[in-house]
> 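I have a structure here, written as structure tokens, and I will follow up with some questions on it.
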Amino acid sequence: MRHAVLLPALLAAMSGLLALPCRAGGAIGQSNVSQAEAIRSATVGMLPGEVITSSNCTENMVDGITLYSCEVQWGAPPAP
């Protein structure tokens with residue numbers, strides 16, 4: 001009987017976790033392959049549903065190798 005009481009509470013708690021709100025965030029990624037790879041590297045911490053709101057990339061030569069650095073900001077998608 002105890003499980004019958006705990007199961008609804010557990011399901012309610014889990015449903016709240018599955019509907020996490022989007023949060024603002026940002027990161028810097030680097031790559032010696034491409035800007036796209038640097039952006040991908042920066043966005044590994046994004047939650048599902050979040051969208052990139054801005055990005056700024058720079059190219060620098062380091063020991064003859066092009067290094068791409070991208071600062072990416074993300075957050076909730078715009079309201080329809």
Side-chain angles (χ1 to χ4, degrees):
M1 274 308 204
R2 186 173 184 172
H3 295 284
V5 174
L6 293 177
L7 185 58
L10 178 62
L11 290 175
M14 287 177 58
S15 67
L17 291 176
L18 296 177
L20 290 174
C22 293
R23 59 179 171 48
I28 296 174
Q30 293 184 325
S31 172
N32 63 347
V33 177
S34 67
Q35 283 186 0
E37 182 65 21
I39 290 173
R40 188 206 60 75
S41 174
T43 58
V44 296
M46 286 177 59
L47 295 176
E50 293 177 333
V51 296
I52 294 174
T53 57
S54 69
S55 64
N56 182 31
C57 296
T58 59
E59 293 181 23
N60 295 303
M61 291 296 287
V62 178
D63 294 331
I65 298 171
T66 303
L67 180 65
Y68 302 93
S69 296
C70 295
E71 179 179 0
V72 179
Q73 302 293 319
W74 60 79

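These numbers come from the heavy atoms of this one structure, side chains and all, not from hydrogens, waters or symmetry mates. Numbers for residues simply follow the sequence, beginning at 1.
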> What pairs with Glu71 under side chain to side chain contact (heavy atoms under 4.5 Å, CB included), at least two apart in sequence or on another chain?
Ile28, Gln73
> Taking side chain to side chain contact (heavy atoms under 4.5 Å, CB included) as the definition, give me every residue that meets it alongside Thr43, ordered by chain and number, with sequence neighbours left out.
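Counting only residues at least two positions away or on another chain, Thr43 forms a side chain to side chain contact (heavy atoms under 4.5 Å, CB included) with Ile39, Met46, Ile52, Val72.
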> Sorted by first residue and then second, give each disulfide (SG to SG under 2.5 Å) pair with at least one member in residues 26-65; sequence neighbours left out.
Cys57-Cys70
> Between Ala42 and Trp74, which heavy-atom pair has the shortest distance, and what is it?
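Looking at all heavy atoms of both residues, the closest pair is O-CZ3, 3.5 Å.
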> Show your working on side-chain contact (heavy atoms from CB on, under 4.5 Å) between Leu67 and Gln30 and close with a plain yes or no.
CA-CA 7 Å; Leu67 180 65; Gln30 293 184 325; 4.1 Å; yes
> Considering residues at least two apart in sequence or located in another chain, which fulfil the side-chain hydrogen bond (donor to acceptor under 3.5 Å, both in side chains) criterion with Ser41?
none
> By the salt bridge (Lys or Arg N to Asp or Glu O under 4.0 Å) test, which pairs, at least two apart or in different chains, include something from residues 31-41?
Glu37-Arg40
> If you round to the nearest 0.5 Å, how far is CG of Asn56 from OG1 of Thr58?
7.0 Å
> Provide the full list of salt bridge (Lys or Arg N to Asp or Glu O under 4.0 Å) pairs with a residue in residues 53-69, sequence neighbours left out, each pair given once.
none
